[in-house]
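As structure tokens, the structure follows; a few thoughts come after it.
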Amino acid sequence: MPGGPAARHAIPSLSFEITGAEPERFAAVPTLRFGLRITRTGGGPVRSVSLATTVRIDVARRRHGEREQRSLTELFGLPEQWGTTLRPLVWTRITTVVPPFEDTTVAELTLPCTCDTELAVTKYLLAVRDGEVPLDFLFGGTVFFQAADGRLGTAQISWAEGAAYRLPAGLWHGLLDRYFGGSPWLRLSRETYDRLDTHRIRRVLGTWDETVAALLDRADGTVPASPGPSGTSRTP
């Protein structure tokens with residue numbers, strides 16, 4: 001019978017809801033904090049939960065403008081191919097320990113954010129500057145409860161359990177700007193860095209931004225070649 005002794009020792013059934021997102025104020029690295037409401041929909045009280053969460057960006061649930069489509073060709077190809085190439089991007093996996101509760105509880109999921117532009121998730125988020133980013137939270141792990149014999153029982157959470165959330169894109173960009181001042185991070189080999197540094201010093205360029213911008217301008221042909229000693233043009 002519902003609420004009877006047998007029900008109090010039955011395997012708990014759980015549902016999940018993402019209640020919101022905000023920046024973690026005092027984290028050493030850029031971090032988003034998501035509120036998670038867990039509700040017991042059946043079975044007995046929960047002793048604890050070892051919750052495994054996979055966070056994905058479901059890119060197919062968002063409409064992308066022309067500028068975003070151009071920026072995302074590296075990830076998904078040309079827009080006419082997107083019917084077959086759009087696929088969810090795994091952002092991260094999180095493990096959370098949830099303490100005992102009877103009916104419902106609230107937990108926090110902390111999601112570190114990186115500015116590493118070699119990662120597909122970062123490339124996508126840099127391209128999407130406004131609107132919302134559709135996220136899927138997929139839950140698994142183990143729920144602990146008191147079995148009928150008084151011992152600690154365990155049950156696995158099905159990965160079919162999940163929750164959707166639409167993250168404002170500006171929240172991610174604002175967080176990264178706060179930590180990195182609007183400067184994306186690039187990985188260079190030591191050899192490439194030394195060559196770039198030598199070029200910067202030789203051309204008396206003050207910053208790395210000026211150095212790369214000058215190289216790009218020359219590659220695009222927007223900076224004329226400087227005249228050589230005999231009046232003929234040459235490229236520095």
Side-chain angles (χ1 to χ4, degrees), residues 1-62 87-116 119-122 124-125 132-168 171-172 175-176 179:
M1 296 294 293
R8 294 218 28 109
H9 299 293
I11 296 175
S13 299
L14 305 177
S15 67
F16 303 88
E17 176 189 9
I18 301 297
T19 59
E22 61 182 3
E24 183 69 61
R25 294 184 59 188
F26 303 111
V29 298
T31 303
L32 287 172
R33 184 173 70 249
F34 292 86
L36 171 65
R37 178 178 291 113
I38 306 174
T39 302
R40 180 173 62 90
T41 58
V46 174
R47 292 283 296 271
S48 67
V49 181
S50 177
L51 186 66
T53 306
T54 297
V55 185
R56 303 189 312 186
I57 301 177
D58 189 357
V59 297
R61 292 213 315 265
R62 176 193 161 102
R87 63 192 184 281
L89 301 175
V90 175
W91 189 337
T92 192
R93 293 179 173 87
I94 307 167
T95 300
T96 309
V97 176
V98 181
F101 66 95
E102 285 273 344
D103 298 315
T104 186
T105 189
V106 175
E108 292 183 347
L109 303 176
T110 55
L111 194 158
C113 302
T114 177
C115 205
D116 187 346
L119 299 178
V121 166
T122 304
Y124 180 84
L125 292 170
E132 296 175 327
V133 179
L135 301 182
D136 284 333
F137 290 75
L138 305 177
F139 300 105
T142 305
V143 57
F144 298 86
F145 62 100
Q146 185 174 351
D149 59 4
R151 293 185 295 182
L152 187 66
T154 64
Q156 296 300 304
I157 299 172
S158 170
W159 282 106
E161 300 292 343
Y165 183 75
R166 302 191 73 86
L167 175 72
L171 188 62
W172 184 88
L175 178 63
L176 270 290
Y179 277 80

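Predicted, not measured: the structure shown is a model, and the values here were computed from it. Numbers here simply count residues along the sequence, with the first being 1.
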Hey, what do you get for [atom1] ([X]) to [atom2] ([Y]), rounding to the nearest 0.5 Å?
{"X": "F145", "Y": "L152", "atom1": "CZ", "atom2": "CG", "answer": "8.0 Å"}
{"X": "D136", "Y": "I18", "atom1": "CG", "atom2": "CD1", "answer": "10.5 Å"}
{"X": "L36", "Y": "I38", "atom1": "CG", "atom2": "CD1", "answer": "4.5 Å"}
{"X": "L135", "Y": "E132", "atom1": "CG", "atom2": "CD", "answer": "10.0 Å"}
{"X": "I11", "Y": "Q156", "atom1": "CD1", "atom2": "CD", "answer": "10.5 Å"}
{"X": "F16", "Y": "F137", "atom1": "CZ", "atom2": "CZ", "answer": "12.5 Å"}

Output all residues satisfying side-chain hydrogen bond (donor to acceptor under 3.5 Å, both in side chains) with R47, sequence neighbours left out; order by chain, then residue number.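 Scan of R47 (side-chain hydrogen bond (donor to acceptor under 3.5 Å, both in side chains), adjacent residues dropped) gives none.
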Taking side-chain hydrogen bond (donor to acceptor under 3.5 Å, both in side chains) as the definition, give me every residue that meets it alongside E161, ordered by chain and number, with sequence neighbours left out.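 Testing E161 for side-chain hydrogen bond (donor to acceptor under 3.5 Å, both in side chains), a comparison that skips the adjacent residues, returns none.
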[X] versus [Y], closest heavy-atom pair with distance:
{"X": "P45", "Y": "P12", "answer": "O-CG, 4.1 Å"}
{"X": "A107", "Y": "V98", "answer": "CB-CG2, 4.4 Å"}
{"X": "R40", "Y": "L14", "answer": "CA-CD2, 4.0 Å"}
{"X": "T114", "Y": "L119", "answer": "CG2-CD1, 3.5 Å"}
{"X": "C113", "Y": "W91", "answer": "SG-CZ2, 4.0 Å"}
{"X": "A163", "Y": "E17", "answer": "CB-CA, 4.3 Å"}

Side-chain (T122) to main-chain (D116) donor-acceptor, under 3.5 angstrom: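 Yes: the side chain of T122 pairs with the backbone of D116.
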Where the side chain of T19 meets the backbone of G35, is there a donor-acceptor pair that is under 3.5 Å apart?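 Such a contact is found between T19 side chain and G35 backbone.
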Tell me, please, which residues at least two apart from F101 pass ring-ring contact (aromatic ring centres under 6.0 Å, His included).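 With sequence neighbours excluded, F101 shows a ring-ring contact (aromatic ring centres under 6.0 Å, His included) to no residue whatsoever.
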For F144, ring-ring contact (aromatic ring centres under 6.0 Å, His included) partners two or more places apart: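 Residues passing ring-ring contact (aromatic ring centres under 6.0 Å, His included) with F144: none at all.
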Apply side chain to side chain contact (heavy atoms under 4.5 Å, CB included) to residues T105 and V46 and explain how you reach the verdict. CA-CA 10 Å; T105 189; V46 174; over 6 Å; no
Mind listing the side-chain donor-acceptor pairs of residues 21-28 below 3.5 Å, one per line with the distance, residues two or more places apart or on another chain?
{"residue": "E22", "atom": "OE2", "partner": "R33", "partner atom": "NH2", "Å": "2.1"}
{"residue": "E24", "atom": "OE1", "partner": "R33", "partner atom": "NH1", "Å": "3.1"}
{"residue": "E24", "atom": "OE2", "partner": "R33", "partner atom": "NH1", "Å": "3.1"}

Would you be so kind as to tabulate the donor-acceptor pairs closer than 3.5 Å made by side chains of residues 48-59, with sequence neighbours excluded?
{"residue": "D58", "atom": "OD2", "partner": "R61", "partner atom": "NH1", "Å": "3.1"}

Any side-chain heavy atom of F139 within less than 4.5 Å of one from S15?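 Counting from C-beta outward, F139 and S15 never come under 4.5 Å.
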State, yes or no, whether a side-chain contact exists between L111 and L109 at a heavy-atom distance under 4.5 Å.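 No; the side chains remain at least 4.5 Å from each other.
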Hey, is CZ on R93 packed in by over 12 heavy atoms from elsewhere, all under 6.0 Å?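 Result for CZ/R93: open.
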